[in-house]
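Every value quoted in this text rests on a predicted model; they were computed, and no experiment measured them. All values below come from the heavy atoms of this structure, side chains included, with hydrogens, waters and symmetry mates left out. Just so we're on the same page: letters track the sequence lines, and every chain starts at 1.
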Number of protein chains: 2
Amino acid sequence: MAATIRDVAQASGVHVSTVSRTFSAPHLVNTETRNRVLAAAEDLGYRPNRAARALTTGRTHNLGLIVADIANPFFSHLIKGAQAHARTRDYHVFVADTDEDPQVEEELIQTLAKQVDGVLLCSPRLSNRVIEKLREDVPFVVVNRRMKGMSNVLMDVGSGAREAIGHLMSLGHRRIALLAGPAGSWTSREITDAAHAVPGIDLTVFGPNSPTEHGGLALAEAVAAADVTGVLAYNDLMAIGLVEGLTALGVAVPDQVSVVGIDDIVAGRVSRPKLTTVAMPAEAAGRTAVDLLLQLVGAGETATPALATLATNLIIRDSTGPVRHGLRTDP
Amino acid sequence: MAATIRDVAQASGVHVSTVSRTFSAPHLVNTETRNRVLAAAEDLGYRPNRAARALTTGRTHNLGLIVADIANPFFSHLIKGAQAHARTRDYHVFVADTDEDPQVEEELIQTLAKQVDGVLLCSPRLSNRVIEKLREDVPFVVVNRRMKGMSNVLMDVGSGAREAIGHLMSLGHRRIALLAGPAGSWTSREITDAAHAVPGIDLTVFGPNSPTEHGGLALAEAVAAADVTGVLAYNDLMAIGLVEGLTALGVAVPDQVSVVGIDDIVAGRVSRPKLTTVAMPAEAAGRTAVDLLLQLVGAGETATPALATLATNLIIRDSTGPVRHGLRTDP
DNA sequence: GGAGTGGCTGCAACCGGTTGCACGAAACAT
DNA sequence: ATGTTTCGTGCAACCGGTTGCAGCCACTCC
């Protein structure tokens, strides 16, 4: 069995409270005593048990991070940013994957609540109402959804969508399809609203959809049948799936249909044609979210919620091109 | 503050021990009493505090999962498999990312040790010696490294490499480059050994390398300069990076150089040319690893280590083709 | 010489649960 | 009627730490 605080106390001939203070408030203990304790601890391989400490202090020094899909590169970069940043503040981040299931999401939050000091909730699929309720159990920072009274980290995805559509329209596209994301996604609604508001656009919205390669693939026929020349997808995975599907149907990208994704994941850079996309600062979002959360955790009840909005930017590659009339061959 | 066991006890007029038993050993408490307790608990929104429970039982019902890089799709699928499977057994999986840094890896294991019942160590970069030592702190299952006396989940990557090279040789390739993975990777050594043992091969090994797209990209010049017609890369990310680099240098894939990756990630399916690769059963590996770990955790000291080897299989796509003599243009 | 001060340490209660043990009541056997 | 089980519950110690309080000692200051 691993050494406990009592073993160390015995070995160094002091009371457990002195050992405790040696680790959590070193300035309160005499230098000589401290060295003796540290030597004994080192000798026994003692490390304070964080869980036990948490019981009295109420601070676990752990953060929870909940995402819909760990395999989505956008999230994995966000996770990396969060973990690396948290480590510098002596915090650990526990990641959990909900598999896009709101039920699982709620369950995970409940279980995590007691084991972490706060939760980073990324692109939640739960309703605002449920989140408001869960908030009583544990401090939150919500990423990718605007919620009044809570700390948020948002991507300026509305302006990203406008930029993307502006790009399509500057290429002559008017009839544009929007592949929406999953139901319950704030980002998806934000994109949709921004797209609708563009003057002169002839918009067709498909969705809600599963935000995966497969979700995009499944839409290929519908998009091919629709009378559109440009497409904005909820994310790169869907865009890639769509391009795959269109190509299989004999619809050329970008010659017949231009496609824009969102996220800027590696797969988009290596797929052919290279995907035009709206880049999202995923790592920065992870870091920022950790900052806001620790701020919240440190301040306790008195905390004022903060809002961070991160800029997005359009990366033009090869999946978009000028509109060419008469080239569409209806399947 | 969240309700504690004492609140529930008071509300239902029984002793805390009865409440405790209601949750952890329901058959020991009278049906009527139990219902009363459950009602009170429901009413107060009480959920047992797992951390506190762990203090006495020694079971946290959490597992740790350590990977070198969460953003590597191979790992993210492994993680998904592990998390989903663990959830069915009422366990949670906490994921941590070492950023390929052995130092961080050791630190993470130490911190996790007290908070979880066991650790899944995936593709460790640490030395066997250190792992042996850490093993005293917490039960392990090691994925992607063979270690005597420990439970292992392995991919049959040796036979995968043989199959890949067999494929190249059947296309007429003899002078083959191997892009090794990171130092300390068992998988990389396994692949290298298997490749060396193939009769009739003229093998050039590059490495160790960073197992990322960038690592592959960085090798493009060296590979182009080397007198090889076929390449086997440590993983798909490197293969994709290499193809990107070769293409930029004017070396055509597969016409001048054939490239095979390992893992079968999405990016390989959508990149052009579509990547020939050795598929690894990542999700199954995650599930299997959880099984072995729970087995280990349940059995305590008496546990016999188990070994699971999962089959790999070659997927032939467009990045490999017949050797064509005289086509190589030295850059 | 006595009061006051500050530095260090021990004592004991506490965090939120679990569990071996004891005890009372009811059910059963003799 | 008495002895023996069985069942359900309470009591109290314990898990591994933290922390308010009090006490001790050595010093300093009048």
Side-chain angles (χ1 to χ4, degrees), chain A residues 1-38 40-41 44-62 90 110-117 137-138, chain B residues 1-38 40-41 44-62 90 110-117 137-138:
Chain A
M1 270 296 109
T4 76
I5 199 172
R6 282 160 237 274
D7 299 329
V8 178
Q10 186 149 27
S12 48
V14 299
H15 196 261
V16 291
S17 53
T18 303
V19 179
S20 171
R21 280 189 277 259
T22 302
F23 288 95
S24 49
H27 60 280
L28 288 180
V29 30
N30 183 289
T31 315
E32 198 181 323
T33 316
R34 193 196 316 158
N35 289 337
R36 199 146 37 89
V37 171
L38 288 176
L44 294 166
Y46 168 76
R47 312 199 51 146
N49 181 327
R50 281 177 170 229
R53 169 180 292 174
L55 212 49
T56 48
T57 61
R59 288 271 172 280
T60 62
H61 266 241
N62 291 142
D90 193 26
Q110 301 248 21
T111 320
L112 273 176
K114 299 278 182 36
Q115 317 195 43
V116 301
D117 298 339
D137 295 352
V138 59
Chain B
M1 268 298 109
T4 75
I5 198 172
R6 282 159 238 274
D7 299 330
V8 178
Q10 187 149 25
S12 50
V14 299
H15 195 263
V16 292
S17 54
T18 303
V19 179
S20 171
R21 280 189 276 258
T22 302
F23 287 96
S24 48
H27 60 280
L28 288 180
V29 32
N30 183 290
T31 314
E32 197 182 323
T33 316
R34 194 197 313 159
N35 289 336
R36 198 146 38 89
V37 171
L38 287 176
L44 294 167
Y46 168 76
R47 312 201 50 147
N49 181 326
R50 281 178 170 229
R53 170 181 290 175
L55 213 49
T56 48
T57 61
R59 288 270 173 280
T60 62
H61 265 242
N62 291 143
D90 194 26
Q110 301 248 19
T111 322
L112 272 176
K114 298 278 182 35
Q115 318 195 43
V116 301
D117 296 340
D137 295 351
V138 60

Legend entry - For B:R53, all residues meeting salt bridge (Lys or Arg N to Asp or Glu O under 4.0 Å), sequence neighbours excluded: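 B:R53: no salt bridge (Lys or Arg N to Asp or Glu O under 4.0 Å) contacts found.
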
Legend entry - Considering all heavy atoms, the nearest B:T111-B:Q115 contact: O-NE2, 3.4 Å

Inset, instruction - Taking all heavy atoms of B:T60 and all of B:K114, pick out the closest pair and write down the distance. - result: CG2-O, 4.2 Å

Pick out the pairs of N or O atoms, protein on one side and nucleotides 17-19 of chain D on the other, that lie under 3.5 Å.
unit_1, atom_1, unit_2, atom_2, d
D:dG17, OP1, A:N49, N, 3.3
D:dG17, OP2, A:I5, N, 2.6
D:dG17, O5', A:Y46, OH, 3.1
D:dG17, O5', A:N49, N, 3.3
D:dG17, N7, A:R6, NH2, 2.7
D:dT18, OP1, A:R53, NE, 2.5
D:dT18, OP1, A:R53, NH2, 3.1
D:dT18, OP2, A:S20, OG, 2.4
D:dT18, O4', A:T56, OG1, 2.9

Legend entry - Greater than 12 external heavy atoms within 6.0 Å of B:Q10's CD: no

Legend entry - Note, A:V37 side chain near A:V14 side chain (heavy atom, < 4.5 Å): yes

Once you round it to whole Å, what is the distance between [atom2] of [N] and [atom1] of [X]?
X     : N     : atom1 : atom2 : result
B:L28 : D:dT9 : CG    : C1'   : 11 Å
A:R36 : C:dC8 : CZ    : C1'   : 12 Å
A:E32 : C:dT9 : CD    : C1'   : 14 Å
A:N35 : C:dC8 : CG    : C1'   : 15 Å

Legend entry - Pairwise distance CZ(B:R47) to CD(A:Q110) - rounded to 0.5 angstrom: 4.5 Å

Inset, instruction - Could you grab the distance from atom CG of B:L55 to atom CG of A:N49, nearest 0.5 Å is fine? - result: 6.5 Å

Legend entry - Given C:dG16, D:dT9, C:dC8, the nucleotide with the shortest approach to the side chain of A:L55: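 Within the option list, the nearest is C:dG16.
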
Inset, instruction - Report the C-alpha distance between A:D90 and A:R59 in whole Å, list the side-chain angles of each, state the deciding distance to 0.1 Å, and finish with yes or no for salt bridge (charged side-chain N to carboxylate O under 4.0 Å, His left out). - result: CA-CA 12 Å; A:D90 193 26; A:R59 288 271 172 280; over 6 Å; no

Inset, instruction - Please give the angle, rounded to 10 degrees, between the axes at the start and the end of the helix from C:dG1-D:dC30 to C:dT30-D:dA1, where five pairs define each axis. - result: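 The value is 50°.
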
